[in-house]
Protein chains: 2
Amino acid sequence: MSVGQLAVVGIGPGNREWITPEAASVLAHATDLVGYSTYLARVPPQDCQIRHSSDNRAELTRARQALSLAAKGRAVAVVSGGDPGVFAMAAAVFEAIETKSPVWDDVQVTIIPGITAMQAAAARIGAPLGHDFCAISLSDNLKPWAVIERRLAAAAEADFVVAIYNPASKARPDRIHDAFARLRQRRAGTTPVVFARAIGRKDERIEITTLAEADPSIADMATLVIVGSSETRLIARQAPALPYVYTPRSYGARR
Amino acid sequence: MSVGQLAVVGIGPGNREWITPEAASVLAHATDLVGYSTYLARVPPQDCQIRHSSDNRAELTRARQALSLAAKGRAVAVVSGGDPGVFAMAAAVFEAIETKSPVWDDVQVTIIPGITAMQAAAARIGAPLGHDFCAISLSDNLKPWAVIERRLAAAAEADFVVAIYNPASKARPDRIHDAFARLRQRRAGTTPVVFARAIGRKDERIEITTLAEADPSIADMATLVIVGSSETRLIARQAPALPYVYTPRSYGARR
């Protein structure tokens, strides 16, 4: 039996100009595409390629389906938004392999990196991630909220720039408010905050504000939130251009 | 006078298959390329395009040179390794703008994101960044070592996966040893550690080890180090394949 192949492919946040040649090539040569319907819709159609679309939440089921197809000798691409390695499909595939069906042992798994939301958001507004930063998902489907709180507190305490993924959902609208309350305890009200929604897509929207004035309820599941460090600052520009937001490479030079 | 344009372009860690179409297009249409000679050498030559190459350390000088060229109406691309927004050239450009020459006000600055080293390293070995993580540069040229220590301690305390950039240099060979000593105080000896060197280039080399057994002196400036969280784990594979390294999306499920 031929050895199957499974590639987990990052297609970035939505703009085709951010899909790497590697990702485009793997998608073009796959016999089967597996993924959330919204992401599959971003991949140009190909004759003879089978699409297996599923709901957004079914990551583990989707991973198992992809592995089973690959074990049958198909060349499978799991289509992931952003970078599959950053709060996306790659970890779900390895979870599936770990709780494994022995027939998956021979499947060759490759991960194809992509531009993730925080990079796209950062690029649009300047260089907010120009210094040490952390990335935290507020999704508490799979981890206790106490772990998230501990990480937000540590990040604020150690003055990291914080990129917040999955800031809100219908199931947990209050989490982002809790997170902001925690950050406000430890960081100045003047700290720059960016809400970057649907970057690279038609409905892209960016709001630059401060920690004191931010209204976290504007963040939905398509929003990436960046909260600056004590060093993150704005450079004003002539309207209607938004200011640049950036974190310098040096630390403490202004004090 | 025509308005100049300055794009800070991320070309990824070295493999051309990771250069986005957006980056390739901006590089092809620039009149001038500015950058560290090693990065410029990765960009295909173009007739009539002027190359301004410089030493690796001269980020601010290079940024000012690029802004001055753009202010004269040139279409300038600053070529950056990885993602320009992550420990690379974008922040240096905004630092230059902030301490500004007024003639730079009209320069349109755009940042073109790219695959950064931690994404490339993660993709090669599995999904170590599959859960909350932070990125820390050990370069203390521009920030006090005490700040780095505080961040390493906070990251370990809050159980983030840690991606370490700029782990070593001739000027500060001991820093990575100090960093490991600090992480070992707070995290189990069995924690997976990855040294990923020159990913995507000919001399790519990956070592997967543990926090107890890691020899930090193998990390040079081309190495990206990933230190797992308490949840990061290996999935064994048949030799000579390296094990997969991944951090599951769930937290605490194993305890």
Side-chain angles (χ1 to χ4, degrees), chain A residues 15-22 25 59 83-87 90-95 97-98 109 111-116 119-120 122-124 126-137 142-144 147 150-151 153-155 157-160 233 235 244 246-252, chain B residues 15-22 25 59 83-87 90-95 97-98 109 111-116 119-120 122-124 126-137 142-144 147 150-151 153-155 157-160 233 235 244 246-252:
Chain A
N15 180 338
R16 283 191 190 169
E17 289 294 294
W18 286 334
I19 299 180
T20 67
E22 182 184 46
S25 170
E59 288 95 349
D83 184 322
V86 178
F87 307 122
V93 168
F94 291 109
E95 284 168 42
I97 291 173
E98 202 179 26
V109 178
I111 309 296
I112 311 297
I115 302 295
T116 181
Q119 297 175 293
R124 276 289 192 271
L129 308 177
H131 206 277
D132 304 333
F133 63 91
C134 54
I136 301 178
S137 167
L142 296 160
K143 63 183 164 183
V147 172
R150 183 155 62 104
R151 287 177 176 166
E157 203 67 44
D159 207 17
F160 282 104
R233 56 191 81 173
I235 301 175
Y244 295 124
Y246 94 104
T247 310
R249 301 163 305 146
S250 58
Y251 191 91
Chain B
N15 180 339
R16 283 191 189 169
E17 289 294 294
W18 287 334
I19 300 180
T20 67
E22 181 183 47
S25 170
E59 288 97 347
D83 184 323
V86 177
F87 307 121
V93 167
F94 292 108
E95 284 168 43
I97 291 173
E98 202 178 28
V109 178
I111 309 296
I112 311 296
I115 302 296
T116 181
Q119 297 176 293
R124 276 289 193 270
L129 307 176
H131 206 277
D132 304 335
F133 64 91
C134 53
I136 301 178
S137 167
L142 296 160
K143 63 182 164 184
V147 172
R150 184 155 61 104
R151 288 175 175 166
E157 203 68 45
D159 206 17
F160 282 103
R233 58 190 80 174
I235 301 175
Y244 296 124
Y246 93 105
T247 310
R249 302 164 305 148
S250 59
Y251 190 91

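For clarity, every value in this text was computed on a predicted model and none was experimentally measured. Here is how names work: the chains are called A, B, and so on, in the same order as the sequence lines, proteins then strands, and each is numbered from 1.
- For a residue to count as touching a neighbouring chain, one of its non-hydrogen atoms must lie under 4.5 Å from one of that chain's; by this rule B/Phe94 touches chain A with backbone and side chain alike.
- Contact record, B/Glu17 with A/Thr20: O-CB, 3.5 Å, taken as the closest heavy-atom pair.
- Contacts of B/Ala92 with chain A are made by both backbone and side-chain atoms, with heavy-atom separations under 4.5 Å.
- Only the backbone of A/Arg16 comes within contact range of chain B, with at least one heavy atom under 4.5 Å from a heavy atom of that chain.
- At a 4.5 Å heavy-atom cutoff, the contact between B/Glu157 and chain A is made by backbone atoms alone.
- The candidate with the highest count of non-hydrogen atom pairs below 4.5 Å against chain B, out of A/Ala120, A/Gly126, A/Gly130, A/Ala153, is A/Gly126.
- Of the atoms belonging to A/Ala122, not a single heavy atom falls under 4.5 Å from chain B.
- Heavy-atom distances place the side chain of A/Tyr246, and not its backbone, under 4.5 Å from chain B.
- Shortest non-hydrogen contact noted between B/Pro113 and A/Gln119 is CB-O, 4.1 Å.
- A/Val147 touches chain B through its side chain: at least one heavy atom from C-beta onward sits under 4.5 Å away, while N, CA, C and O do not.
- Counting all heavy atoms, side chain and backbone alike, A/Tyr251 lies closest to B/Pro144 at O-CD, 3.9 Å.
- At a 4.5 Å heavy-atom cutoff, the contact between A/Ile19 and chain B is made by backbone atoms alone.
- For chain A, the nearby part of B/Thr247 is the backbone; its heavy atoms alone come within less than 4.5 Å.
- Heavy atoms of A/Val93 lying under 4.5 Å from chain B are absent altogether.
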